[in-house]
Amino acid sequence: MKAVWYERTGPAQEVLAYGEMPTPVAGPGEVRVRLEASGVNPADVGRRGGRPMEYPRVIPNSDGAGIIDQVGDGVTRLKIGQRVWLFNGQRNGRAFGTAAEYIALAEHLVTPLPDNLSFAEGATLGIPGMTAWCCLYCDGPIVGQTVLVTGGAGAVGHYAVQLAKWGGAKVIATVSSAAKAEQARLAGADLVVNYKTDDVVAKAMAFTGQRGVDRVIDVDFGGNLATTLKLMGVNSTIAVYATNGNRTPVVPMRELMEKCIAVRALVLFALPPPLLAAAQADITKWLSAGRRIHNVAAQFALSDTALAHLAVEKGDKLGTVIVDCARLLPAR
């Protein structure tokens, strides 16, 4: 099969190679997916960019979508010919991700893809959609609550806004530009606040009648903490999935204690399988319940995976950058 890989970390155009690799075979409990699309997440770029090598060779990217063309012994939930989306392809002991024509992985990481979604749209679900759902619902229903989504136009944030509205919550989204504000409104946010020009605390507190928010879905715990603490309600929760602004923040425990604020830190690949299964089931219901927005920021040929990684590194994308696994050469 055609695939992209790296054998050392570093700049995308220096370390990513494109060529032939053996086509995988579905083992017991696995399915093989003929990949049509691969989603590139910031974590994929970060691992390739400089984290210690976990394996001698890595095929990057963890999300994708395609068609099952082989099933291993013991597989009961899925069958050959199904359109599917997947997550955590290059995680949890797996060296080979989705920047390839095929991937074989455990069936519990694979979910049927509705016929009305393209493969590119399916590849945006993966880690962003699963992370958004787990941040919102890992502690139970959110109906009637007020949820604040920081970075409401980002890949995770945009799904969090949509899933929170579906779950019966009122949603505040913070953004950094007018274009991102429009994306958050389209997703259904009840209040959109530009944190660069507006007073986030004042607007959030006014929106909640000075009660504060019930749950924050936070893209930057350390960077946002000073602001976040001022708008939290009593018995509220901060669900954290990233903290790039300050990786080692000082946590003011007394302030958290006085409002009984829980901090729920999570990373998708370490969450328990029953929670992940619940997320997959609920996302399937959500997809079937109405029109959803799946933002594809850009698309690249498999042979141009390095350019896809660079597009993520720029940091100005709206949505998920996609590699078209069935398009092997760049368009001319």
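One is the number of the first residue; the rest follow in order along the sequence. All values derive from a computational prediction rather than experimental measurement.
Counting only heavy atoms from C-beta outward, the side chains of I68 and K79 never approach each other to under 4.5 Å. You'll find the side chain of I217 stays beyond 4.5 Å of the side chain of L148, heavy atoms only. When side chains are defined from C-beta on, L105 counts as touching L86, because their heavy atoms get closer than 4.5 Å. You'll find the side chain of L302 reaches within 4.5 Å of the side chain of K2, heavy atoms only. Within the 4.5 Å cutoff, side-chain heavy atoms of W286 are placed close to those of L163. For the pair D63/P128, a side-chain contact is recorded, criterion being any heavy-atom separation below 4.5 Å from C-beta on. Between R32 and R34 there is no side-chain heavy-atom pair separated by less than 4.5 Å. Side-chain contact between L78 and V110 is present, with at least one heavy-atom pair separated by less than 4.5 Å.
T208 places a side-chain N or O within 3.5 Å of a backbone atom of A204 that can act as its donor or acceptor partner. Checked by atom type and distance alone, the side chain of R94 pairs as donor or acceptor with a backbone atom of A104 at under 3.5 Å. Side-chain atoms of T124 come within 3.5 Å of backbone atoms of E121 as a donor-acceptor pair (strictly under, hydrogens ignored). With hydrogens and angles ignored, the 3.5 Å screen pairs no side-chain donor or acceptor of E255 with any backbone N or O of P252. With hydrogens and angles ignored, the 3.5 Å screen pairs no side-chain donor or acceptor of S236 with any backbone N or O of I261. The backbone N or O of L310 lies less than 3.5 Å from no partner atom in the side chain of E313, so there is not a single donor-acceptor pair. Distance alone, capped at 3.5 Å, is enough to place a donor-acceptor pair between the Q162 side chain and the I293 backbone. Side-chain atoms of R48 never come within 3.5 Å of backbone atoms of A43 as a donor-acceptor pair (strictly under, hydrogens ignored). Judged by distance alone, with hydrogens and angles left aside, the side-chain atoms of N194 form a donor-acceptor pair with the main-chain N or O of K196 at under 3.5 Å. When atom types are taken as modelled, the side chain of Q280 and the backbone of H108 share a donor-acceptor pair closer than 3.5 angstrom.
A distance of 9.0 Å separates CG in L35 from CD in E101, rounded to the nearest 0.5 Å. Atom CZ of R215 and atom OG1 of T146 lie 13.0 Å apart (nearest 0.5 Å). A distance of 8.0 Å separates CG in D44 from CZ in R47, rounded to the nearest 0.5 Å. Atom OG1 of T174 is separated from atom OH of Y195 by 7.0 Å, given to the nearest 0.5 angstrom. Rounding to the nearest 0.5 angstrom, the gap separating the OG atom in S62 from the CD atom in Q90 is 5.5 Å. In this structure, CG on N61 lies 8.0 Å from SG on C325, to the nearest 0.5 angstrom.
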*After noting the C-alpha distance and the side-chain angles of Q70 and V31, does the key distance pass the side chain to side chain contact (heavy atoms under 4.5 Å, CB included) rule?*
CA-CA 6 Å; Q70 190 180 76; V31 298; over 6 Å; no
*Pair V193-L191, side chain to side chain contact (heavy atoms under 4.5 Å, CB included): steps then yes or no*: CA-CA 7 Å; V193 184; L191 173 67; 3.9 Å; yes
*Would you please test Y159 and M130 for side chain to side chain contact (heavy atoms under 4.5 Å, CB included) and show each step?*
CA-CA 9 Å; Y159 275 135; M130 293 287 289; over 6 Å; no
*asked:* Walk me through whether V263 and F221 qualify under side chain to side chain contact (heavy atoms under 4.5 Å, CB included).
replied: CA-CA 10 Å; V263 177; F221 176 74; 4.2 Å; yes
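Closest approach of V147 and I142 over heavy atoms only: CG2-CD1, 4.4 Å. Scanning both residues, V175 and A184, for their nearest heavy atoms gives CG1-CB, 4.1 Å. Minimum heavy-atom separation, A100 to M1: CB-CE, 3.9 Å. In terms of heavy-atom proximity, F96 sits nearest to R57 at CE2-O, 3.5 Å. In plain terms, the two heavy atoms of A311 and V321 that are nearest each other are CB-CG2, 4.1 Å. Taking both residues in full, the closest heavy atoms of T320 and A123 are given as CG2-O, 4.5 Å, listed atom of the first, atom of the second, then distance.
Checked against salt bridge (charged side-chain N to carboxylate O under 4.0 Å, His left out), K165 has the following partners two or more places apart in sequence or in another chain: D190. Not counting sequence neighbours, the partners of Y137 by the ring pair (Phe, Tyr, Trp, His ring centres under 6.0 Å) test are W133.
Residue N224 is tested with D218, N246, T243 for a side-chain hydrogen bond (donor to acceptor under 3.5 Å, both in side chains); the sole match is D218.
With hydrophobic clusters built from ILVMFWY side chains whose heavy atoms lie under 4.5 angstrom apart, Y241 shares a cluster with L275. With hydrophobic clusters built from ILVMFWY side chains whose heavy atoms lie under 4.5 angstrom apart, V45 does not share a cluster with I322. Hydrophobic clustering keeps V323 apart from L318 (ILVMFWY residues linked when any side-chain heavy atoms are closer than 4.5 Å, directly or through intermediates). Clustering ILVMFWY residues whenever any of their side-chain heavy atoms sit less than 4.5 angstrom apart, transitively, puts V71 in a cluster other than the one holding Y102. V149 and L266 fall within the same hydrophobic cluster, defined by Ile, Leu, Val, Met, Phe, Trp and Tyr side-chain heavy atoms under 4.5 Å apart, directly or through other members.
With no hydrogens or angles considered, a side-chain donor-acceptor pair links T98 and S38 at under 3.5 Å. Side-chain contact annotation: N295 with Q183, donor-acceptor N/O pair under 3.5 Å present.
Taking a cutoff of 4.0 Å between a charged side-chain nitrogen and a carboxylate oxygen, R83 and E36 do not qualify as a salt bridge.
Applying the salt bridge (charged side-chain N to carboxylate O under 4.0 Å, His left out) definition to pairs two or more places apart or across chains, those involving residues 259-270 are D139-R264.
Residue-environment remark: NZ (K170) stays at or below the threshold of 12 foreign heavy atoms within 6.0 Å.
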